[in-house]
Amino acid sequence: MVRKGPVGPFEGAAELQRRLAQEVRLCPLAGEPRLVAGVDCSERDRTIRAAAVLLSWPELTPAAEALFEGPCRVPYVPGFLSFRELDSMVRALEGLGMPFDLVMVDGCGIAHPRGLGIASHLGVALNVPSLGISKSLLVGSFEEPGPDPLSIGPIWLNRSQVGWALRSRRGARPIFVTPGHMIDLDGALDVTLRALRGYRLPEPTRLADLLSKGPCQRKKR
DNA sequence: GCGACAG
DNA sequence: ATCTTGTCGC
């Protein structure tokens, strides 16, 4: 087969996403986690910095943390975030030096145009249970959760529910919880609720976010 | 054609 | 994501 015209720069990537999305499994968590990881990326001066943290479960006691830095090689394009950040996230997670039972990723899971947000992509790539925690929605619509803390509303995409909008803190905008891989809607919500400690973001993602920004790294005069 | 658009 | 000081509100 010979292609006719020029192919969009992300056609190959989109095709890979559609293929990997078929590997995503939405099912109850295999068992109660013992170690939960959190990952996030930040960037500064064309350098990507991925941070991973490891917490005991359900105490949420810090057990390990790791950083990975590398040059930005791929631009951010909505719908293709994983091609920009996944490798760095995996490296940071490897830096933890031990396996974990679940990973919470800063980004979307199945709430994605082709069903493979970065949380799902990471879960499939590492063959580990994963879920996404994002601060806004890439696709789909959601029912605004009530004003009371822990209120929830479903996230809809193509007539089916793909996650939850969660009011994790009073007065704060909701966060979006979506299954990544080897977990289901109820499991993703349950784990997220149990990982909250009074902040808008659950501990795994919140701590990874702080670490990626760098401890005592920001100071301007 | 126009607007939306994880981080 | 990042650029940025002070400021409004619980």
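Atoms considered below: every heavy atom in the structure, side chains included; atoms not considered: hydrogens, waters and symmetry mates. Protein chains get the first letters and strands the later ones, always in sequence-line order, with residue 1 at the start of each.
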Only pairs under 3.5 Å count here: list side-chain donor-acceptor contacts from residues 56-79 of chain A, not counting sequence neighbours, and write none if there are none.
from: A/Ser56; atom 1: OG; to: A/Glu59; atom 2: OE1; distance (Å): 3.2
from: A/Ser56; atom 1: OG; to: A/Thr61; atom 2: N; distance (Å): 3.1
from: A/Trp57; atom 1: NE1; to: A/Glu32; atom 2: OE2; distance (Å): 3.3
from: A/Glu69; atom 1: OE2; to: A/Arg49; atom 2: NH1; distance (Å): 3.0

Going 5' to 3' on DNA chain B, which nucleotide is the first and which the last to come under 4.0 Å of a heavy atom in chain A?
B/dC5 to B/dG7

Nearest 0.5 Å, please: how far is [atom2] in [Y] from [atom1] in [X]?
| X | Y | atom1 | atom2 | result |
| --- | --- | --- | --- | --- |
| A/Ile110 | A/Leu26 | CD1 | CG | 5.0 Å |
| A/Leu122 | A/Leu131 | CG | CG | 11.0 Å |
| A/His181 | A/Leu116 | NE2 | CG | 10.0 Å |
| A/Ser134 | A/Ile155 | OG | CD1 | 6.5 Å |
| A/Ile183 | A/Asp186 | CD1 | CG | 10.0 Å |

Interface with DNA chain B, restricted to [range] and to heavy atoms under 4.0 Å:
| range | value |
| --- | --- |
| residues 187-201 of chain A | none |
| residues 108-115 of chain A | A/Cys108, A/His112 |
| residues 166-179 of chain A | none |
| residues 148-162 of chain A | none |
| residues 129-147 of chain A | A/Ser134, A/Lys135, A/Ser136, A/Leu137, A/Leu138 |

So does A/Gly187 get a backbone contact from the side chain of A/Asp184, meaning a donor-acceptor N/O pair under 3.5 Å?
yes

Do the side chain of A/Asp106 and the main chain of A/Thr205 share a donor and acceptor less than 3.5 angstrom apart?
no

I need the minimum non-hydrogen distance between [X] and [Y], along with the two atoms involved.
| X | Y | value |
| --- | --- | --- |
| A/Ala51 | A/Ser212 | CB-N, 3.4 Å |
| A/Phe80 | A/Ala14 | CE2-N, 3.7 Å |
| A/Leu201 | A/Leu196 | C-CD2, 4.0 Å |

Using side-chain heavy atoms (C-beta onward) and a distance below 4.5 Å, is [X] in contact with [Y]?
| X | Y | value |
| --- | --- | --- |
| A/Pro202 | A/Ile133 | yes |
| A/Val36 | A/Val103 | no |
| A/Leu207 | A/Leu55 | yes |
| A/Val39 | A/Leu93 | yes |

Hey, any chance A/Leu81 and A/Ile48 share a hydrophobic cluster, counting ILVMFWY side chains that come within less than 4.5 Å of each other, even indirectly?
no

Any link between A/Leu126 and A/Phe83 through a network of hydrophobic side chains (Ile, Leu, Val, Met, Phe, Trp, Tyr) touching at under 4.5 Å?
no

From CA spacing to verdict: salt bridge (Lys or Arg N to Asp or Glu O under 4.0 Å), A/Arg18, A/Glu15:
CA-CA 5 Å; A/Arg18 283 185 281 265; A/Glu15 195 44 56; 3.4 Å; yes

A/Arg167 and A/Asp148 ion-paired at < 4.0 Å
no

Dot-bracket encoding per residue of DNA chain B, Watson-Crick/G-U cut-off under 3.5 Å, | denoting interstrand
.......

Reading 5' to 3' and counting Watson-Crick or G-U wobble pairs with both distances under 3.5 Å, write the dot-bracket notation for DNA chain C, | for bases paired outside the strand.
..........

Base, sugar-phosphate, or nothing: which does A/Phe83 touch, judged by heavy atoms less than 4.0 Å apart?
nothing

Expected list for residues 173-180 of chain A: side-chain donor-acceptor pairs under 3.5 angstrom, two or more places apart:
from: A/Thr178; atom 1: OG1; to: A/Gly109; atom 2: N; distance (Å): 2.7

Tell me, which pairs form a side-chain hydrogen bond (donor to acceptor under 3.5 Å, both in side chains) where one or both residues lie in residues 112-123 of chain A, sequence neighbours left out?
A/Gln17-A/Arg114, A/Ser82-A/His121

Report the residues that fulfil side-chain hydrogen bond (donor to acceptor under 3.5 Å, both in side chains) with A/Asp190, sequence neighbours left out, ordered by chain and then residue number.
A/Arg194

